[in-house]
Student: 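Here you go, one structure.
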Amino acid sequence: MYLREPLTQLLASPDTIFSMADKMDEKKVTPRSQDFAAWYNDLIIRAELADYSPVRGCIVFRPDGFAIWENLRDELDRRIRQTGARNAYFPLFIPQSFLKKEAEHVEGFAPEVAVVTHGGGKQLEEPLIVRPTSETIINHMFAQWIHSYRDLPLMINQWCNVVRWEMRTRPFLRTAEFLWQEGHTAHATRQEAEHETLLMLEVYRSFVEDFLAIPLIAGRKSAAERFPGAEQTYTIESLMPDGRALQCGTSHYLGQNFAKAFDIRFLDENNELQHPHQTSWGVSTRLLGAIVMSHGDDQGLRLPPSVASTQVVIVPIWRKAGETAKVLSVARDLAGKLTDAGLRVKNDEREGVTPGFKFNDWEMRGVPLRLEIGPRDVAAGEVVAARRDIPGPPGKSKVQLAEIVTSVRAMLGQIQANLYRQAKAQVDSNTRQFDDYAQLRAQMEDEGGGGFAELYWCGNARCETRIREETRATCRAIPLNQSPDQNGRCIVCREPAAERAFFAKAY
RNA sequence: CGGGGCGUGGCGCAGCCUGGUAGCGCACACGCUUGGGGUGCGUGUGGUCGCCGGUUCAAAUCCGGCCGCCCCGACCA
C-alpha cells in the first residue's frame with residue numbers, strides 16, 4: 001500500500017545520473033523541500049518509529065516510536081486524572097444495533113466500520129462491529145450506572161485502539177487501526193458539560209503546545225465539520241510545514257443526544273427525571289505524525305526532550321587503543337551521572353562504526369542532545385555538546401564535566417523552547433489574512449498546501465461549501481472569545497460577519 | 001468501481017524486445033583497516049524470477065488466464 005521508497009527516483013528528470021543519485025539516497029532521506037510526503041514516509045522508516053504491516057492500512061509501532069507514544073500518554077494521562085476523570089476499559093466489540101441508535105452517529109460512522117459476522121465457526125446472531133469510537137457502548141453502560149444527580153458528574157477515560165476502514169491511509173496520520181484516549185462524561189447541567197468540554201480543550205491545548213512543542217489554533221468547528229451526533233465540536237489545529245492543517249485533538253459537547261438515544265436518566269434535586277448533558281474528547285497516535293512533521297528536518301527527526309525516548313546520547317571517541325579505556329571510563333561515568341539525575345541517556349559504545357556515522361545515526365533518530373567525548377576532552381575535563389535543534393557547528397559548545405548535569409538540564413530546556421519557537425515561526429509565516437475571495441483562491445491554487453487562511457465568514461453553510469469546492473480548503477477552526485467586529489464582511493457573500501475563521505487544506 | 005502503472009534475494013533495480021537455466025547496488029555476516037561528521041578493501045550468506053496453464057529440446061524472457069500491490073479519481077471527525 002505505502003511506497004516503501006518514494007517515487008522521487010521515478011519522477012526525477014531523465015538526465016539525472018542515477019548511479020550518483022542512488023548513492024546519496026541510501027544515506028539521506030528525500031529532502032523535505034523536494035517531496036514533503038516522501039520525506040515524511042522516509043523519516044518514519046529510517047528513524048524506526050514504525051513499519052508497514054501485511055495488513056492494509058495498519059502499521060507496526062516499533063520500540064522507538066512506541067516509546068514516544070508511551071511518554072506522551074503518561075503525561076497526558078496524569079493531566080486527565082487531575083481533572084477528575086478515571087480510567088476504565090470497555091469492549092472492543094459492540095453490537096451492531098447500538099450504532100444505529102443515534103441517527104447522525106450511524107450516518108457518520110457506518111461507512112467506515114469493520115463488522116464481525118462469524119465467531120467460533122458459526123455465523124453470529126447479531127453482527128458485532130469493531131469500535132470506531134465508544135460512545136454507544138459507554139453510554140449503554142452509563143444508562144445502568146446513572147440514577148441520581150448524586151451519581152453525577154460521571155467522568156470516564158479509556159486508552160484503547162479503534163478501527164476505521166479508511167480508503168486512503170498514511171502512517172500515524174490516518175491508519176485503519178489507531179491508538180487513542182477517549183474521555184466520556186455525563187453532567188447534571190448543560191453549563192457543567194459545556195465547561196467540561198472547554199476545560200478538556202484547554203488541557204489538550206496546553207499539553208500539545210508545552211509538551212510536544214507544537215503551536216496550535218484552538219477553536220470550534222463549523223456545523224459541517226462537527227462530530228456525528230455532537231451539538232458542538234471544539235478542536236486544536238496545527239499547521240504542517242507543507243501548508244496543510246492537521247487536527248490534533250477534539251472535544252465535543254454532545255448535549256442530550258446520546259442520553260436520549262440510550263435512555264440515560266437521573267432524578268434531580270426536585271425529584272424530576274432529567275437526561276444528563278454529555279461530553280467526549282480524544283487525541284490519538286496522529287500526534288506522532290504531528291511531531292514528525294512539525295519538527296523534523298532533512299537530517300531526520302527532531303524530538304522535543306519531553307517525549308524523546310533518549311534525551312541525551314554520549315558518543316565516545318578514540319584513536320589509539322591506549323586511549324579507549326580512559327575515554328570509555330569517563331563516558332560511562334558521565335552516563336551514570338546523567339541517568340541518576342533522572343535523564344534518559346544512551347552511551348553509544350558500538351565498535352566498527354565511526355563517530356561520524358553515529359552522529360548522523362542519532363540525528364536521524366531525533367535525539368535532542370549529543371555529548372561527544374574524546375581524548376582531548378578527557379584531558380581538558382570537558383565534553384562537546386551538540387544540540388539537535390541547531391544544525392552544524394553553531395549548535396556545538398564545550399561543557400565542563402564538573403557542571404555537566406546543570407548544563408545538560410538547561411540545554412534540554414532551551415531545546416524544548418526553541419523547537420516550539422521554530423515551529424511557531426513556520427506556522428506564522430504560513431498564516432495569512434484574506435479579505436478578497438479571488439486572492440484566497442489564488443493562494444490555495446498554489447503548489448503546496450496553501451497555509452492557514454484567516455478570514456471573515458458569515459457562518460452560512462453555502463459560503464463554506466463554495467470555499468471547499470473551489471479551493472479545497474475547509475473550515476479548520478473558529479477561534480474562541482473573539483471580540484465582535486461590526487465591520488467584518490464574509491469573504492464570499494459580503495454579508496456582515498461577526499467572526500473570523502481559519503480555513504486550510506487538511507490532512 | 002473508472003483511468004494509469006508495477007510484480008526478479010530484506011530493499012531498490014537490470015536482464016525480457018532478439019528463449020540457453022539469474023546479475024548489480026545497498027543491507028546483512030566475518031576479517032583486516034579506519035575512527036573529532038555517513039572510512040576503505042576483501043571474503044561470504046541469501047532468489048522454485050507473483051500464481052496457474054500453454055508453446056518449445058529448453059521459458060524470468062513468447063502466448064493465455066488469474067491474483068496481488070501502488071498512483072490518480074470517487075469517498076472520508
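Only a predicted model underlies this, so the values are computations on that prediction, with no experimental measurement involved. Per chain, numbering begins at 1; letters A, B, ... match sequence-line order.
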Student: Please determine, by modelled atom types, if A:Ser134 and A:Glu182 share a side-chain donor-acceptor pair under 3.5 angstrom.
Tutor: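 Yes - a donor-acceptor pair under 3.5 Å links their side chains.
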
Student: Would the distance check show the side chain of A:Arg131 and the main-chain N or O of A:Asn161 forming a donor-acceptor pair, the cut-off being under 3.5 Å?
Tutor: yes

Student: Taking B:G65 as the reference, what is the distance to B:G47 when you measure between their C1' atoms (whole Å, please)?
Tutor: 26 Å

Student: Donor-acceptor pair under 3.5 Å: do we get one between A:Arg226's side chain and the base of B:A77?
Tutor: no

Student: Quick one: A:Phe178 CZ to B:C76 P, roughly how many Å, whole number?
Tutor: 17 Å

Student: NZ of A:Lys398: more than 12 outside heavy atoms within 6.0 angstrom?
Tutor: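 Check fails, neighbour count at 12 or below.
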
Student: From the set B:U39, B:G37, B:G36, return the single nucleotide nearest to any side-chain atom of A:Pro355.
Tutor: B:G36

Student: If the P atom of B:G7 is compared with that of B:C62, how far apart are they to the nearest Å?
Tutor: 12 Å

Student: Between C1' on B:A77 and CD1 on A:Ile236, what's the gap in Å once rounded to a whole number?
Tutor: 14 Å

Student: In whole Å, what separates the C1' atom of B:A14 from that of B:C72?
Tutor: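 That atom pair is separated by 28 Å.
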
Student: Evaluate the ring planes of A:Phe452 and A:Phe502, with Trp represented by its six-membered ring, and classify them as parallel (under 30°), tilted (30 to 60°) or perpendicular (over 60°).
Tutor: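 Perpendicular, since the angle between the ring planes exceeds 60°.
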
Student: Between atom OH in A:Tyr253 and atom P in B:A77, what is the gap in whole Å?
Tutor: 22 Å

Student: For A:Lys320 and B:U34, give me the distance from atom NZ to atom P, rounded to whole Å.
Tutor: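 So the NZ-P distance, A:Lys320 to B:U34, works out to 13 Å.
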
Student: Tell me which nucleotide among B:G38, B:G35, B:A77 gets nearest to the side chain of A:Trp180.
Tutor: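 It is B:A77.
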
Student: Choosing from B:A77, B:G37, B:U34, which nucleotide comes nearest the side chain of A:Thr354?
Tutor: B:U34

Student: Between B:C11 and B:G53, how far is it from one C1' atom to the other, in whole Å?
Tutor: 32 Å

Student: Is it the case that the side chains of A:Ser251 and A:Thr197 hold a donor-acceptor pair, with the cut-off being a distance below 3.5 Å and no angle test?
Tutor: no

Student: If I take atom CG in residue A:Asp348 and atom C1' in nucleotide B:G37, what distance separates them, rounded to the nearest angstrom?
Tutor: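 Going from CG in A:Asp348 over to C1' in B:G37 covers 14 Å.
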
Student: Any base atoms under 4.0 Å from A:Phe227, or only sugar-phosphate, or nothing? Heavy atoms, all strands.
Tutor: nothing

Student: Does A:Lys101 have more than 12 heavy atoms from other residues, nucleotides or ligands lying within 6.0 Å of its NZ?
Tutor: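 Enclosed.
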
Student: Can you list every ring pair (Phe, Tyr, Trp, His ring centres under 6.0 Å) pair that touches residues 382-402 of chain A, not counting sequence neighbours?
Tutor: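 Output for this query is empty, none listed.
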
Student: Using only heavy-atom distances, decide whether a donor-acceptor pair under 3.5 angstrom links the side-chain of A:Lys358 to the base of B:G36.
Tutor: no

Student: I want to verify a distance call: between B:G37, B:U39, B:G35, whose nearest atom is closest to the A:Gln299 side chain?
Tutor: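 From the listed options, B:G37 comes nearest.
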
Student: Work out how far the C1' atom of B:G54 is from that of B:U61, and round it to whole angstrom.
Tutor: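 Looking at atom C1' only, B:G54 and B:U61 are 15 Å apart.
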
Student: Given that both distances must come in under 3.5 Å, which nucleotide forms a Watson-Crick or G-U wobble pair with B:G44?
Tutor: B:C28

Student: Can you check the distance between B:A59 and B:C49, where both ends of the measurement are the P atom (answer in whole Å)?
Tutor: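 Those two atoms are separated by 11 Å.
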
Student: Where the side chain of A:Phe109 is concerned, which of B:G37, B:A77, B:G38 is the nearest nucleotide?
Tutor: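 Closest nucleotide among those given: B:A77.
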
Student: Using atom C1' in both nucleotides, what's the gap between B:U34 and B:G42 to the nearest angstrom?
Tutor: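 My reading of the C1' atoms in B:U34 and B:G42 gives 15 Å.
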
Student: How about A:Gln299 and A:Asp297: does a side-chain donor come under 3.5 Å of a side-chain acceptor?
Tutor: no

Student: Both distances below 3.5 Å, Watson-Crick or wobble geometry, any strand: find the nucleotide opposite B:G7.
Tutor: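 The base-pairing partner of B:G7, which may sit in any strand shown, is B:C67.
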
Student: Quick one: do A:Arg205 and A:Glu202 make a salt bridge, cutoff under 4.0 Å?
Tutor: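 Between A:Glu202 and A:Arg205 there is a salt bridge, with a charged N closer than 4.0 Å to a carboxylate O.
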
Student: Using purine N1 to pyrimidine N3 plus N6-O4 or O6-N4 for Watson-Crick, or N1-O2 and O6-N3 for G-U wobble, both under 3.5 Å, which nucleotide pairs with B:C75?
Tutor: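 Checking every strand shown, B:C75 finds no partner, since no pair has both distances under 3.5 Å.
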
Student: Please tabulate the protein-to-nucleotide N/O contacts below 3.5 Å involving nucleotides 73-75 of chain B, giving atom names and distances.
Tutor:
none

Student: Determine whether the side chains of A:Ser280 and A:His184 contain a donor N or O and an acceptor N or O closer than 3.5 Å.
Tutor: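 Side chains of A:Ser280 and A:His184: no pair found under 3.5 Å.
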
Student: How many whole angstroms separate atom CD of A:Glu237 from atom P of B:A77?
Tutor: 14 Å

Student: Measure from the side-chain heavy atoms of A:Glu363 and tell me the nearest of B:G37, B:C76, B:A77.
Tutor: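 Among B:G37, B:C76, B:A77, the one nearest the side chain of A:Glu363 is B:G37.
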
Student: Are the ring centres of A:Phe178 and A:Phe61 closer than 6.0 Å?
Tutor: no

Student: Contact list please: residues 366-389 of chain A against RNA chain B, heavy atoms, distance less than 4.0 Å, in numerical order.
Tutor: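 A:Arg370, A:Glu372, A:Gly374, A:Pro375, A:Arg376, A:Asp377, A:Val384, in order of number.
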
